[in-house]
Amino acid sequence: MRDDDDFDADPDFDEEDDSVEAKVWQLLLLINPGDEETALQQFADYREAAAEAEDAEPVELIGRVIDWRSGFRVDEHDLRALVQALDELSARWNLSIDWNGDPDDDDFFDDTDAGSLLGLAYDRLAESGYTVWSWETADGACAGWITLSRDNEPMRELATALHINLRLGSDFG
């Protein structure tokens, strides 16, 4: 477990810094709205992971350091895990997703898929000013994060700059 002394205070980037690290920092701030402490921890973890795996794509490292805290990555067919991850992430802002049924009921998952669940979460969270995003993984997993809807354009720009194939949760599939 880390304490506050294990990572730098605010990373020192100037506004013109176009480095991958600066972009990753900006992305972490967007997926942790109002929680700079978590973004700092994840940034320190990202730097450590990047030093160990120099040839890894930024999105893969980001996915590792945010998993189940600020993002999700689950097997596309593990619908229960997807619902749990989205519920846990939305609870960070005291939000709950109305799934139009009971995910604890075994029959709930009979006629649905990851795309339908992401689309439903996207619609429900958009009502409260949040956007569910998904990004393409090499192994076909279902992965993504949630941001404030007002940050949609900066998120798109950062994703493009970091070569992340990012799309709205409603467009998964």
Side-chain angles (χ1 to χ4, degrees), residues 1-15 17-53 56-74 81-99 117-118 120-135 137 141-170 172:
M1 172 153 262
R2 294 184 176 275
D3 65 22
D4 289 340
D5 295 329
D6 288 338
F7 52 88
D8 294 331
D10 214 5
D12 191 23
F13 299 117
D14 64 38
E15 292 191 23
D17 192 342
D18 199 29
S19 69
V20 170
E21 274 196 348
K23 290 176 180 122
V24 167
W25 169 243
Q26 292 168 3
L27 186 139
L28 291 172
L29 287 173
L30 291 178
I31 64 175
N32 291 291
D35 189 358
E36 188 171 331
E37 183 177 325
T38 297
L40 280 167
Q41 287 177 314
Q42 292 169 350
F43 187 67
D45 292 344
Y46 172 83
R47 281 181 157 172
E48 186 176 309
E52 292 173 7
E57 290 294 320
V59 70
E60 293 299 323
L61 299 176
I62 293 165
R64 274 192 250 160
V65 301
I66 68 169
D67 199 26
W68 286 85
R69 293 184 296 161
S70 305
F72 60 92
R73 183 184 178 110
V74 298
L82 178 59
V83 166
Q84 288 175 332
L86 290 166
D87 280 342
E88 192 169 310
L89 291 176
S90 61
R92 296 169 60 198
W93 303 288
N94 296 318
L95 299 172
S96 61
I97 299 169
D98 177 2
W99 294 105
L117 292 172
L118 278 169
L120 186 58
Y122 174 88
D123 291 342
R124 295 296 184 260
L125 292 176
E127 295 167 358
S128 297
Y130 291 87
T131 300
V132 176
W133 298 93
S134 66
W135 51 272
T137 65
C142 184
W145 48 66
I146 301 171
T147 64
L148 291 169
S149 296
R150 70 173 185 228
D151 294 329
N152 284 1
E153 193 54 37
M155 178 54 65
R156 289 182 210 283
E157 291 171 8
L158 283 170
T160 299
L162 291 168
H163 308 288
I164 300 171
N165 188 359
L166 190 71
R167 57 188 172 261
L168 297 173
S170 59
F172 179 81

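Below, each value reflects all heavy atoms present in this structure, side chains not excepted, and no hydrogens, waters or symmetry copies.
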Using side-chain heavy atoms (C-beta onward) and a distance below 4.5 Å, is [X] in contact with [Y]?
X	Y	value
Leu40	Trp25	yes
Leu125	Glu127	no
Ser70	Gln42	yes

Quiz item: Salt bridge or not for Arg69 and Asp45, using N-O below 4.0 Å?
Solution: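 So Arg69 pairs with Asp45 through a salt bridge.
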What distance separates [X] [atom1] from [Y] [atom2], expressed to the nearest 0.5 Å?
X	Y	atom1	atom2	result
Arg150	Leu30	CZ	CG	9.5 Å
Leu148	Met155	CG	CE	10.0 Å
Thr147	Leu29	OG1	CG	12.5 Å
Ile66	Trp145	CD1	CH2	5.5 Å
Ile146	Ser134	CD1	OG	11.5 Å
Tyr46	Glu21	OH	CD	6.5 Å

Quiz item: What pairs with Trp99 under ring pair (Phe, Tyr, Trp, His ring centres under 6.0 Å), at least two apart in sequence or on another chain?
Solution: none
Exercise. For residues 88-97, pull every pair meeting side-chain hydrogen bond (donor to acceptor under 3.5 Å, both in side chains), keeping only residues two or more places apart or in separate chains.
Key: Asn32-Arg92
Quiz item: Can you check side-chain contact (heavy atoms from CB on, under 4.5 Å) on Phe43 and Glu36, steps first, answer last?
Solution: CA-CA 10 Å; Phe43 187 67; Glu36 188 171 331; over 6 Å; no
Practice problem: Take Leu28 and Thr38, measure what side-chain contact (heavy atoms from CB on, under 4.5 Å) needs, and give me the verdict at the end. | Solution: CA-CA 9 Å; Leu28 291 172; Thr38 297; over 6 Å; no
Practice problem: Give every residue pair that meets the salt bridge (charged side-chain N to carboxylate O under 4.0 Å, His left out) criterion with at least one member in residues 56-65, sequence neighbours excluded. | Solution: Glu60-Arg73
N/O donor-acceptor pairs under 3.5 Å from side chains in residues 159-166, not counting sequence neighbours:
from, atom 1, to, atom 2, distance (Å)
Thr160, OG1, Arg156, O, 3.0
Asn165, ND2, Glu136, OE1, 2.7

Exercise. Keeping the roles fixed (side chain from Ser149, backbone from Tyr130), state whether a donor-acceptor pair exists under 3.5 Å.
Key: yes
Quiz item: Would you find a donor on one side and an acceptor on the other, under 3.5 Å apart, between the side chain of Arg124 and the backbone of Asp98?
Solution: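 Looks like yes, one N/O pair under 3.5 Å.
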Quiz item: Do you know the tightest heavy-atom contact between Ala121 and Ile97?
Solution: CB-CD1, 3.9 Å
Practice problem: Would you please name every residue forming a side-chain hydrogen bond (donor to acceptor under 3.5 Å, both in side chains) with Asn152, sequence neighbours left out? | Solution: Thr131
Quiz item: Quick one: side-chain hydrogen bond (donor to acceptor under 3.5 Å, both in side chains) partners of Ser170, sequence neighbours excluded?
Solution: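 Once residues adjacent in sequence are excluded, Ser170 has no partner under the side-chain hydrogen bond (donor to acceptor under 3.5 Å, both in side chains) criterion.
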